[in-house]
Amino acid sequence: MISRLRVMSAVHNLATRADNRALIVHSGLMPGLVNVVKNDGAEGRVIACSILAHLAKSDSNQLQLIHTPDLVTVLSHVLAATASGMEVLRKDQNAENTVEENLTDEDDSDDNDTNL
């Protein structure tokens, strides 16, 4: 797992340079990147998505990326999961805020009771 993250980091560093992007797309790494996005943990997935974002900056790569088997499907699943996860996170944060507000309101009412 650690070696995979090191490789992903190295590819990410290469992908930041525009002159390397076409080489990466044509190197045969695309199925591996799709696999990492689909099956890896959060850290690997983030690095792989960042690599793909860098690769998509080159106009010449965009068509290749679209035709990479399963890439669009996998990315759409990741985005859908992220969107629903963000919604759950928002609901959790709203619930926490409501609880905190209620506790604060109770504390304030307790203070008012002692003033009577």
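The first residue of the sequence shown is numbered 1, and numbering continues consecutively from there. Note that the structure is predicted; figures quoted are calculated from it, not measured.
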Salt bridge (charged side-chain N to carboxylate O under 4.0 Å, His left out): pairs with one or both residues in residues 41-69, sequence neighbours excluded: none
Salt bridge (charged side-chain N to carboxylate O under 4.0 Å, His left out): pairs with one or both residues in residues 10-36, sequence neighbours excluded: Arg17-Asp19
Backbone N/O of Ala15 and side chain of Asn20: donor-acceptor pair under 3.5 Å: no
N/O donor-acceptor pair under 3.5 Å between Asn61 side chain and Leu55 backbone: yes
Name each donor-acceptor pair under 3.5 Å that joins a side chain in residues 46-54 to protein atoms two or more places apart or in another chain, with its distance.
unit_1 : atom_1 : unit_2 : atom_2 : d
Ser50  : OG     : His12  : NE2    : 2.8

N/O donor to acceptor pairs below 3.5 angstrom from side-chain atoms of residues 25-37, sequence neighbours left out:
unit_1 : atom_1 : unit_2 : atom_2 : d
Ser27  : OG     : Ile24  : O      : 2.7
Ser27  : OG     : Leu29  : N      : 3.4
Asn35  : OD1    : Asn39  : ND2    : 2.5

Under 3.5 Å, which donor-acceptor pairs do the side chains of residues 63-73 form with other protein atoms, sequence neighbours left out?
unit_1 : atom_1 : unit_2 : atom_2 : d
Thr68  : OG1    : Gln64  : O      : 3.0
Thr68  : OG1    : Leu65  : O      : 3.4

Minimum-distance pair of heavy atoms, taken over all atoms of Ala18 and Ser58: O-OG, 4.4 Å
